[in-house]
Every structure is written in structure tokens, then in C-alpha cells.
Amino acid sequence: GLQSVFAIIGELKSAGHEPARYDEIKKMSNRLKTDVIRLISGDPHKRPPRESNELTLKVYAGLRGIQSLHRSLSDQAHERLQRDIRAQRTSLLNAMRGFGFLGVALVIVYVFLGLLLAKSISHPIAALHEVATEISQGNFDVEASVESRDEIGELAKAFNSMALRIREDVAELRASEEELSKANVR
């Protein structure tokens, strides 16, 4: 009964909920307890009816007073809870916006890094293509610039070795051709 009410009031007070209002409920509850004990103690037939009626009305008035205070505290607690919920919702929305902006920023950074990587791969390949085109047109004096040590750098070295070998073979062919033409002229 009232002991459990007092225990709950104690817990609420220790949690920081308006101790003055809970003290008021506790005082009213103690008065109510005293009036109820007076009302039920003794022989009701020996007590004048007017006194019994007054005690009963006092008990009901005390109960209404406690109910009113309880409703008031419940309304205040509900309003406080609603404010806390709104504050948490605002905080959560702000955090979500922050993560959204961070996500967009990361996508932009990754796209930029992807473009840089694509350019770092396609630029040397385009340079090798130009060298291959020059060689196919008979210009064996071109060389591919070797700027990296990865597979593309190895490919550029292979192109340069091939171009050197072709230059040497062409030089040998021309030398052989000149010897043959000199030998045919004599």
C-alpha cells in the first residue's frame, strides 16, 4: 500500500524529479493514512455518524488531492519526456546529416582518386601507342619513355628493346644491301 508508494517516491526523488512535489504527496499520504486508521479503528457504531461522515469525506478529499498532484506530475513528466525525445530526434537527424555529408565527400574523393588512377594508367599506354604508331610508319629512332617500374614500364622497355633490335636489323640489312650493290657493280 502506502509503503510501496513511499518507496517509489524515494526512487523518483533520488533520480532528481521535483522532490518538493513528491514530499507534498508523501505528507498528504501520511495524513490520509492517519484518517483511514481513525476511520476503521474502533467500533463504528459507537462513533457519531457525523464524525464518520466527516472522516470519510476527508479521506476522499485526500485521495482526490493525491490524484491531482499525481496527474500534474505525470503531465510534467510527459512534457519533459517529449522535450527529451525531440532533442534526441534533432541530435540523431544532425548526426545523420553529418554522415550523409561525409558519405558524399568520400564519394567525391574516391571518384577523384579513380580518375587519377585511370589517368596514370591510360597516359603511359597512350604514349606507348604513339611510339608503336611511329615504329609502324618506319621511324625506328623513337623510344618510349620509361617512367614507372610496373607492367607498363616493363612494356615500354620491351618496346625500346624491339625498336633497338629493328634499328640494328635495318642497319645490317642496309649494310648488306650496300655490299651486294658494290659487289654487283664490279
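Worth knowing before you read on, the calculation uses all heavy atoms, side chains too, and leaves out hydrogens, waters and symmetry mates.
Applying the under-4.5 Å side-chain rule to Ile, Leu, Val, Met, Phe, Trp and Tyr, the cluster around Val107 extends to Val111, Leu115. Listed by chain and number, the hydrophobic cluster partners of Leu173 come to none, as no ILVMFWY side chain reaches under 4.5 Å of it. Side-chain heavy-atom separations under 4.5 angstrom define the hydrophobic clusters, and the remaining members of the one that includes Ile152 are Leu117, Ile121, Ile125, Leu128, Val131, Ile135, Phe140, Val142, Leu155, Phe159, Met162, Ile166, Val170.
To the nearest 0.5 Å, atoms CD1 (Ile108) and CG (Leu113) are separated by 12.0 Å. Remark: Ser91 OG to Asp84 CG distance equals 12.0 Å, nearest 0.5 Å. Rounded to the nearest 0.5 Å, atoms OG (Ser181) and CZ (Arg174) are 13.0 Å apart.
Taking the salt bridge (Lys or Arg N to Asp or Glu O under 4.0 Å) definition, one finds that Glu143 meets it with Arg167, sequence neighbours left out. For Asn94, the side chain to side chain donor-acceptor pair (under 3.5 Å) partners are Arg97, not counting sequence neighbours. Asp150 pairs by the side chain to side chain donor-acceptor pair (under 3.5 Å) definition with Ser148, not counting sequence neighbours.
Put simply, Leu92 and Ile85 are part of two different groups of oily side chains (I, L, V, M, F, W, Y) that touch within less than 4.5 Å, one to the next.
In this structure, the side chain of Thr90 engages the main chain of Arg86 through a donor-acceptor pair within 3.5 Å.
Applying the 6.0 Å contact sphere to CD of Gln82 captures more than 12 heavy atoms from other residues, nucleotides or ligands.
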